[in-house]
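For ligands, and for the atoms within them, numbers begin at 1 and follow the listed sequence.
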Amino acid sequence: MTTTLVKETFLAGTAEFDQYVMNTYARFPIALERGSGCKVWDSEGKEYLDFVAGIATCTLGHAHPAMVKAVTEQIQKLHHVSNLYYTASQGELAKWLVQNSCADKAFFCNSGAEANEAAIKLARKYAHVKLGIEQPVILTAHASFHGRTLATITATGQPKYQKNFTPLVPGFDYVPYNDIAALETAVAKYDGRLCAVMLEALQGEGGVCPGDRAYFQRVRQLCDESKALLILDEVQVGMGRSGKLWGYENLGIQPDIFTSAKGLGGGIPIGAMMCKSSCDLFEPGDHASTFGGNPFACSVAIAVAKTLEADNLIANARERGQQLKDGLSSIAANYPDTIDQVRGWGLIVGLVIEESATLTSRDVVQAGIERGLLLVPAGPKVVRFVPPLIVTAAEIDRSIEIIAEALSQHH
Ligand SMILES: *Cc1c(COP(=O)(O)O)cnc(C)c1O
C-alpha cells in the first residue's frame with residue numbers, strides 16, 4: 001500500500017465516522033490503529049508516545065503479553081455467564097482486591113460511573129436501614145468528577161456537566177475541595193440527614209488536584225462523628241497510578257466504600273465498588289449488572305493485578321512519576337509567566353498553566369500531537385500526563401524533551 005492510499009483511507013474514514021457516530025467528543029483528527037507498550041501508531045504510520053493511556057486506563061500499555069494471554073485463554077474457555085452462577089475468576093479478583101485494600105467485599109460492574117452509582121445506592125440503603133434517614137444527603141466536592149449517568153453528573157460538582165440535563169437527582173450538595181471549615185459548616189447544616197461524603201483522593205478531571213492529608217483526616221473524623229459514610233472515588237487514581245495501590249494510602253485514612261474502574265482491567269471494561277463489612281447491606285434483588293464481573297473481564301483484571309505485583313509497577317509509578325515531575329518542574333522554572341506549577345502523585349501529573357497566560361492546555365496537547373506525544377487536558381489550564389505504569393525512564397525523558405520544545409516554540 002502506498003502512503004497516499006493509506007492517507008485517503010484515513011480521511012474518508014474520519015468523514016464517514018462523523019456521519020454515523022454521535023458528536024460527543026472533541027476528537028483530534030488522528031485515527032489510531034495499533035499499539036505496543038507505551039507507543040501507538042496512527043493510520044498514516046506515525047508513531048506516538050501514549051501518555052493518555054485511554055485516560056489513565058491502559059495500566060500495562062498496549063498489547064501486553066500478560067493481557068494477550070489472559071484474553072486468549074479466557075475467551076476460549078468461558079467468556080460470559082450470568083451472575084446467577086459462581087465463576088472462579090470473579091471470586092479470585094474479589095479476594096485479591098479485599099486482601100490488598102481496606103475493604104471486605106466487592107461488587108463488580110463495567111465502568112466508573114456504574115461503580116459510583118452502586119456506591120450511592122449502597123450509601124442510601126445504609127441511611128434508610130441503619131440510620132433511619134428518610135431524605136438522605138450526600139456531600140461531594142466542587143470540581144469533582146464522578147461519571148455521566150444522571151446520579152453521577154449530579155454528584156459531579158461541575159455545572160458544565162449538568163447543563164441541559166435537569167432535573168437532577170435530589171439529595172446532593174457540594175463543598176469546596178480541601179476546605180475543612182466549609183465541610184464543617186455543611187456537616188452541621190445537614191445534621192440528621194447526612195448519609196455520605198463522596199470525594200476523589202486526588203481530583204483527576206478537575207485539574208489533577210491532590211487531596212490534602214489534614215483535610216482528609218478531618219473528613220474521616222466528621223464522618224465518624226456524624227455516622228456518615230466516607231466514599232472515595234478511586235476510578236482514576238486507583239490500581240497503582242498514585243504510586244500506592246490506592247489513592248487513599250497517600251492520605252493516611254481509610255474509606256468505608258471506594259470505587260475502581262479505569263486502570264482495573266488495563267483497558268478491558270470493568271468496575272468495582274468495594275465496601276467494609278459495616279456497610280455490606282446489599283441483598284439479592286437490590287443491585288445487579290448483566291455484564292458485571294464476567295469471567296472475561298475478571299480474568300484480565302487478575303492478569304493486570306498479578307503483573308503489577310510481579311513487575312513492581314507501583315514502585316515504577318513512583319520513580320517514573322518523580323522523574324517526570326522533576327523534569328517538568330525544571331522546564332517550568334524557565335517560564336514563570338506561563339507555567340504555574342507541576343503537581344500530582346505517581347503517574348498522574350498535571351502541568352498547570354498560569355490563568356493569565358494565553359496558552360491553553362489544548363494548545364500544549366496539540367503541540368504534543370505534532371511532535372508524537374499524546375496528552376490529555378484536565379480543564380482549560382491543566383495538561384495531564386497519565387502514561388501506562390510500564391513507562392520507561394527513556395520514554396519519560398522523551399516526553400520532557402517534547403514539552404521543552406513545545407514551550408520554547410510558544411515563546
Ligand atoms: C473517569 C472517571 C469516572 C467515570 O468513569 P466511566 O468509566 O467513564 O464511567 C468516575 N470518577 C472518576 C474519578 C473518573 O476519573
Side-chain angles (χ1 to χ4, degrees), residues 22 24-26 51-59 107-123 138-158 160-162 165 169 172 174 177-178 196-211 216 230-242 246-248 250-251 255 257-274 289 291-293 297 300-301 304 344-350 375-379 382-387:
M22 283 193 200
T24 57
Y25 282 88
F51 276 36
V52 177
I55 311 191
T57 294
C58 302
T59 309
F107 169 83
F108 292 106
C109 50
N110 311 287
S111 68
E114 214 187 328
N116 288 333
E117 283 274 347
I120 292 164
K121 280 181 69 177
L122 185 60
I138 298 177
L139 289 174
T140 70
H142 293 313
S144 59
F145 184 81
H146 298 295
R148 301 292 199 145
T149 63
L150 269 176
T152 58
I153 59 166
T154 307
T156 294
Q158 300 194 59
K160 71 173 180 187
Y161 292 111
Q162 302 167 341
F165 300 116
V169 174
F172 288 87
Y174 314 93
Y177 191 59
N178 281 340
V197 178
M198 180 172 177
L199 297 165
E200 292 157 273
L202 170 153
Q203 292 190 325
E205 304 298 315
V208 189
C209 190
F216 273 85
L230 175 54
I231 304 173
L232 289 190
D233 178 344
E234 293 265 350
V235 168
Q236 189 152 162
V237 291
M239 276 309 271
R241 180 158 296 281
S242 74
W246 305 111
Y248 65 76
N250 297 281
L251 297 168
I257 298 174
F258 72 92
T259 55
S260 174
K262 287 193 167 86
L264 182 58
I268 299 298
I270 183 167
M273 187 267 289
M274 310 291 303
S289 169
F291 290 126
V300 177
V304 171
W345 290 339
L347 283 174
I348 177 159
V349 173
L375 297 168
V376 56
V382 182
V383 185
R384 186 171 16 166
F385 295 70
V386 279

Peer 1: Return the orientation label for the Trp246 and Phe258 ring planes: parallel under 30°, perpendicular over 60°, tilted otherwise.
Peer 2: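 Taking Phe258 first and then Trp246, their aromatic rings sit tilted (interplane angle of 30° to 60°).
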Peer 1: Which of the numbered atoms in ligand 1 are below 4.0 angstrom from a heavy atom of Asp233?
Peer 2: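 Selected atoms, number and element: 10 (C), 11 (N), 12 (C), 13 (C).
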Peer 1: On a heavy-atom basis, which atom in Phe145 and which in Glu200 lie closest, and how many Å separate them?
Peer 2: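 In this case the closest contact between Phe145 and Glu200 is N-OE1, 3.0 Å.
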Peer 1: Which heavy atom in Ala151 sits nearest to a heavy atom in Phe172, and how many Å separate them?
Peer 2: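 So the minimum-distance heavy-atom pair works out to O-CZ, 4.0 Å.
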Peer 1: To the closest 0.5 Å, what do you measure between OG1 (Thr140) and CD (Gln158)?
Peer 2: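 Going from the OG1 atom of Thr140 to the CD atom of Gln158 covers 10.0 Å.
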Peer 1: Where on Glu200 is there a heavy atom closer than 4.0 Å to ligand 1, on the side chain, on the backbone, on both, or on neither?
Peer 2: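 Looking at Glu200 and ligand 1, just side chain atoms fall under 4.0 Å.
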Peer 1: Could you check whether atom 5 (O) of ligand 1 has a protein contact, counting only heavy atoms that fall below 4.0 angstrom?
Peer 2: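 True for atom 5 (O) of ligand 1.
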Peer 1: Are Met273 and Lys121 close enough that some pair of their side-chain heavy atoms sits under 4.5 Å apart?
Peer 2: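 Side chain of Met273 against side chain of Lys121, heavy atoms only: no contact under 4.5 Å found.
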Peer 1: Side chain, backbone, both or neither: which part of Lys262 has a heavy atom under 4.0 Å from ligand 1?
Peer 2: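 It is the side chain that touches ligand 1; the backbone stays farther off.
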Peer 1: Provide the number and element of each atom of ligand 1 under 4.0 Å from a heavy atom of Ser111.
Peer 2: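 The atoms of ligand 1 under 4.0 Å from a heavy atom of Ser111 are 7 (O), 9 (O).
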Peer 1: Give the atom numbers and elements of ligand 1 that come within less than 4.0 Å of a heavy atom of His146.
Peer 2: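 Listed by number with element: 10 (C), 11 (N).
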Peer 1: Which distance, rounded to the nearest 0.5 Å, do you find between the CD of Glu114 and the CG of Asn116?
Peer 2: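 Reported value, rounded in 0.5 Å steps: 10.5 Å.
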Peer 1: Heavy atoms only: which of Cys109, Ala155, Ala113, Ala115 is nearest to atom 9 (O) of ligand 1?
Peer 2: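 Looking at heavy atoms only, the winner is Ala113.
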Peer 1: Which ligand 1 atoms, with their elements, are less than 4.0 angstrom from a heavy-atom of Asn116?
Peer 2: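 Answer for ligand 1: 10 (C), 11 (N).
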Peer 1: Report yes if the distance between the aromatic ring centroids of Tyr248 and Phe216 is under 6.0 Å, otherwise no.
Peer 2: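 No, the ring centres sit 6.0 Å or more apart.
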Peer 1: Can you find an N/O atom of Phe145 closer than 3.5 Å to an N/O atom of ligand 1?
Peer 2: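 N/O-N/O distance under 3.5 Å: yes.
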Peer 1: Geometry only, no angles: is Glu114 polar-contacting ligand 1 at N/O separations under 3.5 Å?
Peer 2: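 There is no such contact.
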Peer 1: Tell me the protein heavy atom at minimum distance from atom 7 (O) of ligand 1, and give that distance in Å.
Peer 2: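 The protein heavy atom lying closest is Gly112 N, 2.8 Å.
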Peer 1: Quick one: pull up OG1 in Thr149 and CD1 in Ile120 and give me the separation to the nearest 0.5 Å.
Peer 2: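 Answer for the OG1-CD1 pair, Thr149 versus Ile120, is 6.5 Å.
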